[in-house]
**Student:** 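What follows is a single structure, and I will ask about it in a moment.
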Amino acid sequence: MSEYYTLKLCGLTRQLRKVPVSPTLIIASFVMLGDTELVETCADALYEKLKEMKEIDLLVCPEAKGIPLTHALAVRLGVDYVVARKSVKGYMENPIVAEVKSITTKEKQFIVLDGLDVDKLKGKKVCVVDDVVSTGGSLKSLQEVLAQTGCEVIRKVTVLLEEGGYNGEDLTYLERLPVFPVEK
């Protein structure tokens, strides 16, 4: 098996390193951080899918790899965004917390919204943004936290839908990304 997967996305080509995440599964590691051309190109493509949705008040993304994409998309849509953190920070007031199960992280993870962000979200129509959705664990945990804020999730978008188990029926995405079972 090749050490890389060739991803063709929005007219760009990237070589993604294949990385084992469990004894039975290898993924093609997609990291947008630091790839300005990729972030901007994907933000343009997602904007085309969202620009008619005038009712989006805020974007929300989980920390961390989707932050530059969310920022670029927020600029295009003319809205602000909220970042759900992965741990409780000392400055947070009345945080809302949910546990996350992710295939790319071995340690326990959390989705955390600061109480100040909760205030921003109340009564708003939001679009959730992420770089990759695989099993849907992060999305589910984020939605669990958002359900406690009084906002309404009206759209979910991602660059890649990884074939990790989430069917993606309620998700707008640009491309699919395969996973690779370990050959025995």
**Student:** Is any side-chain heavy atom of Glu162 less than 4.5 Å from a side-chain heavy atom of Glu175?
**Tutor:** no
**Student:** Can you check whether Lys86's main-chain N or O pairs, donor with acceptor, with Glu63's side chain at less than 3.5 Å?
**Tutor:** yes
**Student:** Is the shortest heavy-atom distance from the side chain of Val182 to the side chain of Pro20 under 4.5 Å?
**Tutor:** no
**Student:** Flag the pair Glu152 and Lys124 as a salt bridge only when some basic side-chain nitrogen lies within less than 4.0 angstrom of an acidic carboxylate oxygen.
**Tutor:** no
**Student:** For the residue pair Glu93 and Asp114, what are the closest heavy atoms and their distance?
**Tutor:** N-OD1, 3.0 Å
**Student:** Between Val159 and Leu9, is there a side-chain heavy-atom distance shorter than 4.5 Å?
**Tutor:** yes
**Student:** Backbone N or O of Leu161 within a donor-acceptor pair of the Thr158 side chain at under 3.5 Å?
**Tutor:** no
**Student:** To the nearest 0.5 Å, how far apart are CG in Leu116 and OH in Tyr91?
**Tutor:** 9.5 Å
**Student:** With a cut-off of under 6.0 Å to the ring centre and 45° to the axis, is Lys18 in cation-pi contact with Phe180?
**Tutor:** yes
**Student:** Can you find a heavy atom in the side chain of Val129 that is under 4.5 Å from one in the side chain of Leu73?
**Tutor:** yes
**Student:** Do the non-hydrogen side-chain atoms of Tyr81 and Thr70 ever get within less than 4.5 Å of each other?
**Tutor:** yes
**Student:** So, Lys89 and Ser87: side-chain donor and acceptor under 3.5 Å apart, yes or no?
**Tutor:** yes
**Student:** With rounding to the nearest 0.5 angstrom, report the CG to CG distance, Leu58 to Leu146.
**Tutor:** 10.5 Å
**Student:** Can you find a heavy atom in the side chain of Leu12 that is under 4.5 Å from one in the side chain of Glu37?
**Tutor:** yes
**Student:** Looking at Lys156 and Glu169, is any side-chain nitrogen of the basic one under 4.0 Å from a carboxylate oxygen of the acidic one?
**Tutor:** no
**Student:** Do Ser29 and Leu16 make a side-chain contact, defined as non-hydrogen atoms from C-beta onward lying under 4.5 Å apart?
**Tutor:** no
**Student:** Using distance alone, with no hydrogens and no angle criterion, decide if Ser141 and Glu99 have a side-chain donor and acceptor under 3.5 Å apart.
**Tutor:** no
